[in-house]
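A, B, ... follow the sequence lines: proteins, then strands. Residue 1 opens every chain. Predicted, not measured: the structure shown is a model, and the values here were computed from it. Basis for what follows: all heavy atoms, side chains included, without hydrogens, waters or symmetry-related copies.
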2 protein chains.
Amino acid sequence: MSQHSDPVTMPYRQRATLRDVAAMAGVSIKTVSRVVNGENGVAPAKVAAVTRAIRQLDYRPNVSASALRRANRRTAVIGMVLEDLANPFSSALLRAVEDAANERQLLIVAGSVDEDQERERTLVRAFSERRVDGLIIAPVGEDQGYLRAEVEAGTSLVFVDRLPQGIRADCVLSDNEGGARTAVHHLADSGHRHIAYLGDLRIIPTAQQRFAGYQHACLERSLPWTPANHVHDLHTVDDATAATERLLRSGDPPTALFASQNLVTIGAIAALQRLGLEDTVALVGFDDFPMADLLKPRVSVIAQDPSRIGRVAAEQLFQRLDGDDSAPRRTVLATTTIPRGSGEIPPARR
Amino acid sequence: MSQHSDPVTMPYRQRATLRDVAAMAGVSIKTVSRVVNGENGVAPAKVAAVTRAIRQLDYRPNVSASALRRANRRTAVIGMVLEDLANPFSSALLRAVEDAANERQLLIVAGSVDEDQERERTLVRAFSERRVDGLIIAPVGEDQGYLRAEVEAGTSLVFVDRLPQGIRADCVLSDNEGGARTAVHHLADSGHRHIAYLGDLRIIPTAQQRFAGYQHACLERSLPWTPANHVHDLHTVDDATAATERLLRSGDPPTALFASQNLVTIGAIAALQRLGLEDTVALVGFDDFPMADLLKPRVSVIAQDPSRIGRVAAEQLFQRLDGDDSAPRRTVLATTTIPRGSGEIPPARR
DNA sequence: CTGAAAGCGCTTACAG
DNA sequence: CTGAAAGCGCTTACAG
């Protein structure tokens, strides 16, 4: 293949530059720049000539080039590091931030970390090498101290969903402990005393907080503390289904389940259905999900509001971008209890 | 507030540049550049000195600056224009493209269009002004001709989910017509002759194709053509619920429903449950969804594979980035019929 | 109201 | 093996 016909080595067909526009309009590039940036103090006739040249040449300013030279260096891009762009919680966060970012003409680069610390760092570095103005991060891993370098370089930083470690920065998250407490209280109010805890990976701070809430509620209501009823490290639907089946088939099964996360709730439901116990064993899940209202029984949940978390985080980030350098703020959003049926099933005779 | 303490006007604390690294290592910036880019032909001692300086200064190359000067102008960023980053179909596409992009160290900027043509153009322009290397677009609106300028400027372009209009380019999508045909055949095979069509906005090409599939299947099986049973322009769950209720309460209700999209299926289920008809009226939905397997009855669907669409689109894009300039290719992926119960309910006596 | 010169952080195209 | 000069597309800091 000749050098000429190979699109890889062939130079791209030129896009019009300030120079080209200037030449066509018969002015200097500085004048074109003024028009492009809407600065005033340009003679109307020149504005007209430039505008026409821009249209004729289909000129697109190169935002990266201008950011490189501009005093504030802003790229108008923010980076989001999320657990998994395909999961509803992450994507609701992303979408909420997108909507907020739109008003400011900010673009979003985003990536998934899948609970992998290494990946978190890789993504942040990639974003940093593109000089994003700000970062919104759902942290994984035990130490976010490496992000101090970014902050010192002028990158704004807001965490979501989970508290960061090793760095003080803004964070917006749900009241995980309070929500879990409420769930257990809710079940206890229906008379349950044997309430199982079905939890996500213990290394996840959110999971820890939810377990703490469970624990406190058990103490508060003097429920028996039965470690056999505490299952941790469930990270997939299938994990949760298997664990729930095992639990319910054991010699001393719980009369109610608290599922500390979306996928775990779904897995628990699958297990209950398989054993025909969905109308016998009570269930409250942490996190709402689309079909909760159409299942039988309808599923009671402790709902977070990921859209709100995203919106609040975005607003927080924008304040920082606007120069707010007050002390880091932690915003804890209350959860909402939504009783739909499954959480109000009374204890079965044993 | 003094000029100095105002973070907006205050210059950002300097990040280390090639110059700084060169000064510390006692070499020219060209030598640092060689080390950073892994070019060989640098004396080992200098490589060591440079490497040490890079570490000490926590140097991060400015990828945008290098792209500006580099011959191929590649930014290593691709843009995705999707319907709604928060909906499962879009987010599955995004995630699949992300996974493919990771292998090539490409970053993704993404945005939602919400069925708004204006927004599609705005997003594309914003991406273009950042000089993305490629675009993956789920097109809305009637004309994608404006994208020719991007292609001529060297931007690779692949459409997903919907065929573009006004431009010839690669496209990866499901066999919408075939899938819809199969759905109706499936219901007809159980003896249904009065099958309602519940469809999304008619302006959406995908919806048109699904209606065409429905139509062909009706002809093929000589089913009565009853316009009263064709409901279009359902775009939300609530729309679909209301329309389905109306239909089932009419004088001559259908014995089976074909819901041409996710949210419509969910709305139809809500209506069936409300009327107590979920075990009486058959239902097949286009698009699978997470809980389909846990509802009662379990929901039969025609499944697309958004992950596969995303992966194939990404691979197609990468081939173009690698210089493939063969004729535009259209990839149509087959759908899968998943019978779970709701689609196998026989016609009720009328 | 306008523009020529310098420079953002980097790579290219050379020369040695 | 190494580096000085020019330049990517733009804005800054001036001068007129």
Side-chain angles (χ1 to χ4, degrees), chain A residues 3 9 11-50 53-54 57-76 128-131 153-154, chain B residues 3 9 11-50 53-54 57-76 128-131 153-154:
Chain A
Q3 173 91 358
T9 55
Y12 287 93
R13 190 216 257 234
Q14 301 268 25
R15 285 182 191 264
T17 68
L18 277 191
R19 261 176 107 102
D20 302 323
V21 176
M24 176 174 269
V27 298
S28 74
I29 62 167
K30 178 61 201 166
T31 295
V32 179
S33 169
R34 285 192 177 100
V35 174
V36 168
N37 293 298
E39 296 170 29
N40 42 20
V42 179
K46 300 215 170 177
V47 173
V50 169
I54 285 176
L57 294 169
D58 192 25
Y59 169 72
R60 317 273 162 112
N62 183 328
V63 175
S64 307
S66 83
L68 181 62
R69 189 64 184 88
R70 230 178 297 122
N72 67 17
R73 305 294 217 131
R74 291 287 168 85
T75 54
S128 165
E129 292 184 347
R130 264 80 174 195
R131 303 294 188 266
Chain B
Q3 173 91 359
T9 56
Y12 288 91
R13 188 214 259 236
Q14 300 268 24
R15 286 181 191 263
T17 68
L18 275 191
R19 259 176 109 100
D20 303 321
V21 176
M24 174 174 270
V27 299
S28 75
I29 62 167
K30 178 60 202 170
T31 295
V32 178
S33 169
R34 285 192 177 100
V35 173
V36 168
N37 293 299
E39 295 170 28
N40 42 20
V42 180
K46 300 214 171 180
V47 173
V50 169
I54 286 176
L57 295 169
D58 192 25
Y59 170 71
R60 316 272 163 112
N62 184 328
V63 175
S64 306
S66 84
L68 182 61
R69 189 63 184 89
R70 227 178 299 121
N72 67 18
R73 306 291 220 134
R74 291 286 167 88
T75 54
S128 165
E129 291 184 349
R130 265 78 176 195
R131 303 294 189 264

A:Arg73 CZ to C:dG7 P, in whole Å, measures 14 Å
Of A:Arg34 and B:Arg70, the one whose nearest nucleotide on DNA chain D sits closer to the 5' end is B:Arg70
When rounded to whole Å, the OH to P distance for the pair A:Tyr59 and D:dC10 reads 3 Å
Q.
Let's test your reading of the model: under 3.5 Å, does the base of C:dG9 pair with the side chain of B:Arg60 as donor and acceptor?
A. no
Main-chain N/O of A:Ser128 paired with A:Arg131 side-chain donor or acceptor, under 3.5 Å: yes
Can you tell me if the side-chain N/O atoms of B:Ser28 get under 4.0 Å from OP1 or OP2 in D:dG3? yes
From the list B:Val63, B:Leu57, B:Asp58, side-chain contact (heavy atoms from CB on, under 4.5 Å) partner of B:Arg60 resolves to B:Asp58
Of B:Arg69 and B:Pro44, the one whose closest nucleotide on DNA chain D sits nearer the 5' end is B:Pro44
*asked:* Any side-chain N or O of A:Thr31 below 4.0 angstrom from OP1/OP2 of C:dG3?
replied: yes
Of the candidates C:dC10, D:dT2, C:dC1, the side chain of A:Ala43 sits closest to C:dC1
B:Leu18 atom CG is separated from C:dC8 atom P, nearest whole Å, by 12 Å
* To do: Compare all side-chain heavy atoms of A:Lys46 with those of A:Arg34 and state whether any distance is below 4.5 angstrom.
  => no
Query raised in the report: Think A:Ser33 has a side-chain N or O under 4.0 angstrom from the OP1 or OP2 of D:dT11?
Result: yes
Rounded to whole Å, NZ of B:Lys30 lies from C1' of D:dG7 at a distance of 14 Å
message: Need one value for A:Arg19: base, sugar-phosphate or nothing, where a base atom within 4.0 Å counts as base even if backbone is also close, heavy atoms only.
response: nothing
To the nearest angstrom, the CG-C1' distance between A:Asp20 and D:dC8 comes to 13 Å
Closest of D:dG3, C:dT12, C:dG9 to the B:Lys46 side chain is D:dG3
Find out whether A:Leu68 and A:Arg73 are in side-chain contact, i.e. whether some heavy atom of one side chain is under 4.5 Å from a heavy atom of the other. yes
The residue among B:Val35, B:Asn37, B:Val36 that forms side-chain contact (heavy atoms from CB on, under 4.5 Å) with B:Glu39 is B:Asn37
Atom CZ of B:Arg131 and atom P of D:dG9 are separated, to the nearest Å, by 9 Å
For DNA chain C, the expected dot-bracket line (Watson-Crick or G-U under 3.5 Å, [ ] crossing, | inter-strand) is |||.||||||||.|||
B:Ala76 and A:Arg130 have their tightest heavy-atom pair at CB-NH2, 3.1 Å
Residues A:Tyr59 and A:Leu18: closest non-hydrogen pair is OH-CD2, 3.4 Å
Here the distance between atom C1' of D:dA13 and atom CD1 of A:Ile29, to the nearest Å, is 14 Å
A:Asn62 atom CG is separated from C:dG9 atom P, nearest whole Å, by 16 Å
